[in-house]
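Structure, as structure tokens:
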Amino acid sequence: VRLSGNRLPPYKGVDKYPMPLSYLRPLHRPRTGKHYIFIGFPGTKSDVHQTRREVTVGPHAFRNESIDESEYQSYGLHPDHHVALKLDLRHGFGTDGTKRHFPKPNGMSGSPIIVLFDEAGDNDSRVFPVVGVATKFYQWKRLLTGTDVRYVADAIERAA
């Protein structure tokens with residue numbers, strides 16, 4: 001959602017800030033050979049306390065590589081429209097690069113997919129280029145798919 005005008009959220013008050021549109025990198029290719037991370041709040045790691053009316057959630061991040069671009073078609077995908085990440089829950093890597101088991105990503109659809117080590121970028125360490133949005137996890141294929149962020153950028157532009 002594009003935020004503008006006088007009635008913006010109290011960013012400093014909640015220690016949260018909007019992501020600039022310039023962080024979106026539509027059609028960021030090639031996908032092969034790059035490391036990605038997606039961040040979200042898996043439902044399997046949420047705890048609902050109905051009597052206290054509280055929900056406790058914890059953020060999780062998963063880091064891995066895309067499948068090779070030559071494999072996209074065998075999954076009915078195209079790298080111009082999708083980001084497809086290997087996701088073996090037993091053999092994941094945490095944000096610090098260490099091996100770890102990853103919770104089922106149920107509830108993480110809509111999470112940003114960020115490319116790491118962007119060789120073609122401007123080397124601005126404050127920019128985390130968002131290249132996709134997580135959409136579906138195929139456990140039997142050990143694959144997480146996302147939609148290219150160009151669809152998000154297009155929707156934001158149309159709403160303006």
Side-chain angles (χ1 to χ4, degrees), residues 1 3 11 14-48 55-156:
V1 174
L3 301 175
Y11 297 119
V14 294
D15 199 26
K16 304 289 182 243
Y17 299 89
M19 179 177 56
L21 284 174
S22 63
Y23 284 26
L24 303 182
R25 300 286 166 76
L27 295 168
H28 190 78
R29 299 218 16 224
R31 307 257 192 235
T32 305
K34 294 202 170 117
H35 285 264
Y36 296 86
I37 189 168
F38 72 95
I39 304 163
F41 299 89
T44 56
K45 292 295 181 180
S46 299
D47 194 17
V48 178
V55 177
T56 306
V57 296
H60 282 72
F62 187 87
R63 173 184 167 195
N64 216 329
E65 297 176 348
S66 169
I67 63 173
D68 194 274
E69 284 194 12
S70 65
E71 298 175 56
Y72 271 68
Q73 188 175 6
S74 67
Y75 290 102
L77 305 172
H78 192 283
D80 281 350
H81 307 288
H82 302 94
V83 179
L85 306 178
K86 301 170 188 174
L87 184 54
D88 186 338
L89 299 178
R90 295 170 293 160
H91 302 291
F93 294 92
T95 55
D96 59 359
T98 59
K99 274 193 153 187
R100 63 176 279 197
H101 288 230
F102 194 75
K104 287 185 180 177
N106 302 3
M108 291 182 72
S109 58
S111 297
I113 299 175
I114 298 164
V115 66
L116 301 175
F117 315 122
D118 184 16
E119 300 86 12
D122 56 11
N123 294 322
D124 184 347
S125 63
R126 298 170 300 150
V127 176
F128 301 99
V130 177
V131 298
V133 177
T135 53
K136 193 162 185 176
F137 172 55
Y138 300 93
Q139 187 168 353
W140 67 95
K141 295 179 184 179
R142 296 183 177 141
L143 189 72
L144 178 111
T145 61
T147 301
D148 188 272
V149 77
R150 79 174 177 183
Y151 298 104
V152 173
D154 289 348
I156 291 170

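This structure is a prediction, so every number in the text was calculated from the model and none was measured. FYI, side chains are in, hydrogens and waters are out, and symmetry mates aren't considered; it's all heavy atoms of this structure.
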### Message
Show the nearest heavy-atom pair for residues P26 and A153, with the distance to one decimal.
### Response
CG-CB, 4.4 Å
### Message
Could you work out, with salt bridge (Lys or Arg N to Asp or Glu O under 4.0 Å) as the rule, every residue matching D154, not counting sequence neighbours?
### Response
none
### Query
Distance from I113 atom CD1 to I37 atom CD1, nearest 0.5 Å?
11.5 Å
### Message
According to salt bridge (Lys or Arg N to Asp or Glu O under 4.0 Å), does anything in residues 128-147 pair up with another residue at least two apart or in another chain? List the pairs.
### Response
D88-R142
#### Entry: From Y36 atom OH to N64 atom CG, the distance as rounded to the nearest 0.5 Å
11.5 Å
### Message
If I take atom CG from residue L85 and atom CG from residue L143, how far apart are they, to the nearest 0.5 angstrom?
### Response
7.5 Å
### Message
Under a 3.5 Å distance rule, please check whether H82 uses its side chain to pair with a backbone N or O of A84 as donor and acceptor.
### Response
no
### Distance in Å, T147 OG1 paired with L77 CG, rounded so as to fall on 0.5 Å steps
9.5 Å
### Message
Using side-chain heavy atoms (C-beta onward) and a distance below 4.5 Å, is H28 in contact with V115?
### Response
yes
### Task
Could you tell me the separation between the NZ atom of K34 and the CD atom of E65, rounded to the nearest 0.5 Å?
12.0 Å
#### Entry: All side-chain contact (heavy atoms from CB on, under 4.5 Å) counterparts of K104, not counting sequence neighbours
T44, L89, N106, Q139
#### Entry: Point-to-point distance, once rounded to the nearest 0.5 Å, from CG of L144 to CZ of F62
8.5 Å
### Task
Compare every heavy atom of P105 with every heavy atom of P42, then report the nearest pair and how far apart it is.
CB-CA, 4.4 Å
### Message
Restricting to side-chain contact (heavy atoms from CB on, under 4.5 Å), what partner residues turn up for T32, sequence neighbours left out?
### Response
D68, E69
#### Entry: Under the side-chain contact (heavy atoms from CB on, under 4.5 Å) test, residues paired with D47 that sit two or more places apart
H49, T56
### Query
Can we say R31 and D148 salt-bridge, meaning some charged N sits less than 4.0 Å from an Asp/Glu carboxylate O?
yes
#### Entry: salt bridge (Lys or Arg N to Asp or Glu O under 4.0 Å) partners of E71, counting only residues at least two apart
none
### Task
Over all heavy atoms of both residues, which pair between A61 and I39 is shortest? Give the atoms and the distance, please.
CB-CG1, 3.9 Å
### Query
Are any of the side-chain heavy atoms of L87 and F38 separated by less than 4.5 Å?
yes
